[in-house]
There are 2 protein chains.
Amino acid sequence: MENPKSTAGITDIETFQNLAPESRTVLARGLRYFEYQKGSLVLEKGRRVSGAYVVASGQLRVFTISPDGNEATLYLINPGETCVLALNCIFNDLLYPAWVEAGATTRIAVIPGTEFRMLFEREPKIRNMTVQAFSTIVFRLMAELEDVHSSKLDQRLARFLLLHASTDGKVQMTQQEIASHLGTTREVIARSLRQLASAGHIQTGRNRIVINDPRKLAESVGGR
Amino acid sequence: MENPKSTAGITDIETFQNLAPESRTVLARGLRYFEYQKGSLVLEKGRRVSGAYVVASGQLRVFTISPDGNEATLYLINPGETCVLALNCIFNDLLYPAWVEAGATTRIAVIPGTEFRMLFEREPKIRNMTVQAFSTIVFRLMAELEDVHSSKLDQRLARFLLLHASTDGKVQMTQQEIASHLGTTREVIARSLRQLASAGHIQTGRNRIVINDPRKLAESVGGR
DNA sequence: TCCGATCTGTAACAAATGCTACAGAACGTC
DNA sequence: GACGTTCTGTAGCATTTGTTACAGATCGGA
């Protein structure tokens with residue numbers, strides 16, 4: 001919990017706008033905001049969750065940690081999105097099943113479980129958001145699983161780079177960070193990057209990778 | 001679509017019992033049943049889905065196929081459960097993103113999308129079932145992803161055997177079937193089974209594996 | 001400018017999984 | 001009983017990923 005940097009609020013999100021007055025009262029009841037610096041741990045695996053987490057600004061990274069300490073990103077939660085696993089925990093009284101950290105400076109709104117359930121029953125928009133959140137995560141998890149089962153790491157890396165590159169083709173990350181997203185080791189990433197670099201697809205640098213031609217790189221990945 | 005073998009109906013499922021008369025009328029409108037033999041393809045990747053699929057009896061297997069033809073099971077859908085991906089497709093007008101086959105002789109009820117949406121808005125029980133279905137699948141997908149990232153195949157196999165064994169410790173499957181669930185090759189499964197057999201944990205046979213002592217096997221898997 | 005911390009590049013070797021090829025065993029059908 | 005099909009067991013080799021160990025490059029702060 002850090003000092004207030006952002007003023008993004010839950011009413012910036014369309015779902016929470018124009019609610020019935022009663023629903024607005026319910027929403028305001030118990031609503032709290034939390035701020036996190038990049039890299040801060042937001043939720044620990046095995047812990048009880050107290051409410052629905054909605055990202056007002058920034059980004060959350062949900063990840064798993066293997067016995068030897070390797071991290072693998074399960075999915076990312078962007079502004080306007082809610083953390084499905086937290087929803088799941090409040091609907092079913094479960095413990096949180098993964099780790100969550102702030103992938104950037106992040107501001108989240110937490111709606112207590114009881115209040116969220118009320119809103120869910122009363123407001124079609126909240127229901128739609130909930131189903132949407134679940135739908136989105138199911139698809140992301142499925143895509144990740146398919147990726148892991150169907151692709152070699154080289155392909156997964158190339159796709160990761162394409163997905164996370166800014167408009168000028170830059171990926172501002174260390175090799176270790178990339179490894180932590182893909183669930184592998186830094187050295188393997190380095191080796192794979194070397195191949196991409198010698199093929200002319202990318203240029204490597206400290207904390208940065210530049211994609212020379214995204215289209216050619218995408219073509220080189222081939223079908224999944 | 002095979003000849004009627006089962007009479008299991010959607011009203012055998014608690015969620016669909018005691019609905020309001022109007023909802024019952026909506027439900028009956030357009031509701032259809034389909035029967036499948038084990039191994040029959042139920043849904044193809046990339047196809048449009050017309051409704052909500054509810055398993056009345058049997059079991060569905062949702063799986064992915066890699067470019068070289070390796071199958072990997074994403075999750076199973078049991079009686080009383082609904083296919084979340086189909087729900088997702090009717091809520092969002094998407095194409096079906098995976099393959100589905102009958103894991104046993106299966107009878108499913110299909111509720112057209114329009115009718116299902118009406119029921120979702122009117123019936124708290126249908127909403128709960130929907131959220132429950134999404135919740136269950138999210139957890140299963142997450143567990144599978146964590147397994148893939150955190151465990152060697154030997155561990156995954158042992159866990160798979162423990163999970164699918166009948167009460168007398170028998171797993172009635174071919175090695176190829178197991179391989180298709182775990183996203184690997186039959187030979188790798190055979191090699192791994194040989195190790196488990198020589199350690200005294202299991203006995204192999206044609207179409208069958210017998211776990212000698214489930215508790216010892218579970219211990220040998222160790223932490224994830 | 002110097003220094004410490006962190007990141008990158010690389011090599012060698014190990015482990016895990018996949019591929020190819022066979023032989024033999026186990027079934028079910030005629 | 002014979003035969004064809006399918007499954008199991010196995011070996012050898014290939015590929016992919018992981019581990020260990022270093023050296024050098026790059027930053028930021030003092």
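By convention in this document, chain letters (A, B, ...) are assigned in the order of the sequence lines, proteins followed by strands, and residues within each chain are numbered from 1.
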Counted 5' to 3', the first and last nucleotides of DNA chain D within 4.0 Å (strictly under) of a heavy-atom of chain B are dT6(D) to dG12(D)

When you match T174(A) and K152(A) each to their closest nucleotide on DNA chain C, which lands nearer the 5' end?
-> T174(A)

Between S151(B) and R156(B), does any side-chain donor sit less than 3.5 Å from a side-chain acceptor?
-> no

Polar side-chain atom of N212(A) near backbone of G200(A) as donor-acceptor pair, under 3.5 Å | yes

Axis-to-axis angle between the two ends of the helix from dT1(C)-dA30(D) to dC30(C)-dG1(D) (five base pairs per end, rounded to 10 degrees) | 30°

Are any non-hydrogen side-chain atoms of V55(B) and I13(B) less than 4.5 angstrom apart?
-> no

How far apart are the closest heavy atoms of A72(B) and G183(B), and which atoms are they?
-> CB-CA, 3.6 Å

For T106(A), what residues pass the side chain to side chain donor-acceptor pair (under 3.5 Å) criterion, not counting sequence neighbours?
-> none

How long is the line joining CD of E177(A) and P of dT6(C), in whole Å?
-> 13 Å

If every non-hydrogen atom of L162(B) is compared with every non-hydrogen atom of P214(B), which pair is closest and at what distance?
-> CD2-O, 3.5 Å

Could you check how far CD1 of I209(A) sits from P of dC7(C), rounded to whole Å?
-> 13 Å

Please give, in whole Å, the distance from dA16(C) P to I189(B) CD1?
-> 15 Å

Ignoring hydrogens and angles, state whether a donor on the side chain of T136(A) or Q132(A) is under 3.5 Å from an acceptor on the partner side chain.
-> no

Readout for nucleotides 19-30 of chain C: B = base within 4.0 Å of protein heavy atom, S = sugar-phosphate only, - = neither; 5' to 3' it is BBB---BB----

With a non-hydrogen cut-off below 4.0 angstrom, is L153(B) in contact with a base, only sugar-phosphate, or nothing?
-> sugar-phosphate

Should the pair R215(A)-E219(A) be classified as a salt bridge under the 4.0 Å nitrogen-to-oxygen rule?
-> yes

By ring-ring contact (aromatic ring centres under 6.0 Å, His included), F16(B) pairs with (sequence neighbours left out) none

Whole-Å gap separating P (dT17(C)) and NE2 (H149(A)) = 13 Å

Between A98(A) and F63(A), which heavy-atom pair has the shortest distance, and what is it?
-> CB-O, 3.6 Å

dT8(C) P sits how many Å from Q176(A) CD, rounded?
-> 9 Å

Keeping to residues at least two apart or across chains, list the ring pair (Phe, Tyr, Trp, His ring centres under 6.0 Å) pairs with something in residues 137-160 of chain A.
-> F160(A)-H164(A), F160(A)-H181(A)

